[in-house]
Structure formats: C-alpha cells, structure tokens
Amino acid sequence: MSFSYLTKLPNPSEIKKQYPLSQKLAELKKERDQMISDVITGKDNRFLVIIGPCSADNEDAVLDYVSRLAPIAEDVKDRLIIIPRIYTNKPRTTGEGYKGIASQPDPEKKPDMLAGLIAMRNMHIHAIETSGLTCADEMLYPENWGYVEDLLSYVAIGARSVEDQHHRLTVSGFDVASGMKNPTSGDFTVMLNSVYAAQHPHHFVYRGHEVETTGNPLTHVVLRGAVSKHGNCVQNYHYEDIMRLIDRYDQMDLMNPAAIIDANHSNSNKQYAEQVRIVKEVMHNRRISSDIHRMVKGVMIESYIEPGSQKVGEHIYGKSITDPCLGWDASKELIYTIAEMNV
C-alpha cells in the first residue's frame, strides 16, 4: 500500500465550530473584503500593501508584527489598504524542510496536521483581534480553503501552483481577491490563462463532493520575477514588463485587469533589502504612466521584525526561518513612502 492513513481530520465546519469568528469580526472582514474588491475593480484609488513575513512560523512574533502594523494602517488609510501576510503554508522547491505552521506548529518537531489546522485558524483569528486587519494567506493546498474561508481577505496562488488545474478551479469558488503568480518560467500566458480559468464557473470534484462554482471576477495577476533556463533571476516589474502585461490583458477577455508586484522572490533575487528600491520604482512608474497606474493595484513585501533570515533552531525572535525579510524599521519607512507616492 502506497498510503498509510494516519488520522481522519475534522472537516472545516467542525473546526469552525470549535474555533469560531465573532460576529463583530465577521462584519469587519466583510467591510475589508469590499474595500479590497473596490481597489481591484477600479472603484477605489487606494493602493494595496500586502506585507509580512515569508512564513508565519511563530504566533507571538506574528501578533507582535501585526500589532505594529495597525497604527500605521490607520495613519495611511486614506491612501493605502494594509493587508498583513500570514502565510501558514510554505512551498518547498524540493519538498524538503519546514512546510509552514499548518503542517508543523513547532518547526523543530514532527508534522501534526490536526494541530496545524487549529494553529492556522487560531493565528488568523488572533491577528484580526489584535490588529483589526484581515489578512492574506497562500492557498498552497486548496483543500484547506474551508478552514479559513471566513477569515481571509486575500489569497495568493504561488508560482508552482498556478499551472495546476485543481488550484484554478478552486479559486473560481473563492469570494475574495485572489492573485495568480506568474510561474517560475515567467510565462505571462500561463498566468493569464490561470486568471481566465478562475474567473469563470466550473463543475468539478472538491473535498469528496460534486460542486459548481460561479467564477471569481476578483482574480488577477501577481508578478514575482522568473528564473531563466540558465538559473538566473529575471525581473518583471520594470516599466516595459508592465506595458507588455497591459498589452496581453487587452488581448484576452478578462474582467478587472489588475496586477500586484511581488518585490521579493525572483524580482529581488531574494536580496531582501532591494525590495525598497523595487517598490519605489513601481510607484514611480505609476506616476509617469496612467496605464500602469490603472493596472498596478498593489505590492507584496516580505517583512518581519528582524531583517534577514535564520536557520530553524536559532530562536532569534521575529526573524524569518524561511526567505530573508526586510526588517521592521525599513518596512515602516517604506509604507509611509508608498503612501506619499500614491498620488
């Protein structure tokens, strides 16, 4: 037998019943979802800043981080909408290593999927309670959607998942803004086909049920850079890249053209400090081109309390154990700079 069935996990409704979201916070999420939707559809000129650690590995540090974001979000609310990144699943290129709190609540212990589902849900609830900000997560495993569908205001589909039919069809049933990253090859056609698929209704099997979806008109693209056949990082946030994206959008029958620029990953060659320069360039290009201003609706920034990264087991509070992140002081300054440049 290829599979060893270890534990039958509770279904999403059972976990939600055990760890409910209050009515007050549900109303807050509804308001935030609408604000973000209005940005994607062009009704709101504010700019989205999706910011936070590469992987949310420690609840205490994550809650500390989002509590610091809260007063800044209030300061810049007329120009920006801050969406904390609380990524509870971490994709691994080879499958080795820490896979995120949803799989390993303790990075130094064995995987525990039930404890991980609970930790994932609790962290998102506690973040909303702490900051008043609903958050973003990456839906690495589409089956996990039901456990957090009442908590998230933004969903990302990663570069290695965007070509997968199951991810595309599942996003067609989401009711929040969902960003499809370009694949690691950088192919815009793959990314835009994924957006097209997710924006339309589908009929398929999901979590053991035959389901129908209505399509998600808030699906859009996320540019995260690419890797060439020689293994070199290739950026795709420059002026010419966005103009090429606009041209490709115009050739397809897609709703609500929109792009988010991921300032880290292959766009920065994982040189986390370069995110500051990259974001400033993006904001400058929005100033000088009305077409880019209409297309680019936000940025993604990997940021934590301490700059850089550490190995699992080093126990430096607020420092990433996955990709290196911008530190708090530089992040705070950058958010205010984005607000000033969003004119």
Side-chain angles (χ1 to χ4, degrees), residues 10 12-40 44 46-78 80-90 100-102 105 115-141 144-156 174-179 218 260 298 300-305 318 325 328 331-332 335:
S13 61
E14 290 171 323
I15 292 286
K16 286 180 187 175
K17 188 174 181 179
Q18 285 182 282
Y19 305 94
L21 183 70
S22 71
Q23 185 59 38
K24 180 182 177 181
L25 295 185
E27 288 298 322
L28 171 66
K29 175 182 146 47
K30 184 177 180 181
E31 292 172 10
R32 295 252 309 158
D33 289 356
Q34 187 60 55
M35 286 162 44
I36 295 165
S37 171
D38 287 346
V39 172
I40 297 297
D44 189 326
R46 284 181 292 179
F47 194 69
L48 304 179
V49 178
I50 304 163
I51 185 168
C54 171
S55 181
D57 61 277
N58 178 289
E59 181 170 311
D60 289 343
V62 168
L63 296 184
D64 183 351
Y65 180 88
V66 298
S67 70
R68 299 180 189 205
L69 276 182
I72 300 174
E74 181 65 22
D75 284 348
V76 299
K77 66 181 181 181
D78 292 340
L80 308 180
I81 298 174
I82 304 293
I83 308 172
R85 279 175 57 110
I86 297 187
Y87 280 25
T88 57
N89 295 277
K90 176 61 184 172
I101 201 168
L117 290 175
I118 293 168
M120 173 176 69
R121 184 164 176 86
N122 273 335
M123 185 184 291
H124 276 291
I125 291 173
H126 295 158
I128 303 170
E129 291 172 340
T130 298
S131 67
L133 303 172
T134 49
C135 304
D137 203 344
E138 180 173 345
M139 206 47 52
L140 184 62
Y141 306 108
N144 283 353
W145 170 245
Y147 295 103
V148 289
E149 64 181 342
D150 57 331
L151 307 178
L152 301 181
S153 284
Y154 188 93
V155 175
F174 292 179
D175 60 354
V176 295
S178 302
L218 301 177
I260 304 293
M300 284 185 177
I301 301 164
E302 290 197 313
S303 156
Y304 213 175
I305 296 169
C325 296
W328 174 252
S331 302
K332 178 180 177 180
I335 294 171

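Excluded from the calculations below are hydrogen atoms, water molecules and symmetry mates; all remaining heavy atoms, backbone and side chain alike, are included. We count residues from 1, following the sequence as given.
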- Check whether any side-chain heavy atom of Asp75 lies under 4.5 Å from a side-chain heavy atom of Ile335, and answer yes or no. no
- Which residues pass the ring pair (Phe, Tyr, Trp, His ring centres under 6.0 Å) test with Tyr65, sequence neighbours left out? Trp328
- Query: With sequence neighbours left out, what residues match Asp44 under salt bridge (Lys or Arg N to Asp or Glu O under 4.0 Å)?
  - Reply: Arg46
- Message: Quick check against the 3.5 Å criterion: does Arg85 have a side-chain atom that pairs as donor or acceptor with the backbone of Pro53?
- Response: yes
- Message: List the residues meeting ring pair (Phe, Tyr, Trp, His ring centres under 6.0 Å) with Tyr87, not counting sequence neighbours, and say none if there are none.
- Response: none
- Task: Output yes when Lys30 and Glu27 qualify as a salt bridge under the 4.0 Å nitrogen-oxygen rule, no when they do not.
- Result: no
- Item | Candidates Glu138, Glu149, Met139 - the one meeting side-chain contact (heavy atoms from CB on, under 4.5 Å) with Val155 | Met139
- Shortest non-hydrogen pair, Gly146 vs Lys16, comes out as O-CE, 2.9 Å
- Item | Where Tyr154 and Gly179 come nearest, the two heavy atoms and their spacing | OH-CA, 3.4 Å
- Query: Judged by atom type as modelled, is there a donor-acceptor pair below 3.5 Å linking the side chain of Ser37 to the main-chain atoms of Asp33?
  - Reply: no
- Query: What residues, two or more places apart in sequence or in another chain, satisfy side-chain hydrogen bond (donor to acceptor under 3.5 Å, both in side chains) together with Asn89?
  - Reply: none
- Arg32 and Thr134: side chain donor to acceptor below 3.5 Å: yes
- With a 4.0 Å cut-off, would you call Asp150 and Arg121 a salt bridge? yes
- Item | Pairwise side-chain contact, Val176 with Lys29, heavy-atom cut-off 4.5 Å (strictly under) | yes
- Message: Applying salt bridge (Lys or Arg N to Asp or Glu O under 4.0 Å), can you list everything that pairs with Glu129, at least two apart in sequence or on another chain?
- Response: none
- Item | Residues in side-chain hydrogen bond (donor to acceptor under 3.5 Å, both in side chains) contact with Asp137, at least two apart in sequence or another chain | Thr88, His124
- Message: Return the CD1 to SG distance between Ile301 and Cys325, rounded to the nearest 0.5 Å.
- Response: 11.0 Å
- Message: In the structure I gave you, are the side-chain heavy atoms of Val66 and Leu133 within less than 4.5 Å of one another anywhere?
- Response: no
- Query: Around Lys332, counting heavy atoms of other residues, nucleotides and ligands shown, do more than 12 lie under 6.0 Å from its NZ?
  - Reply: no
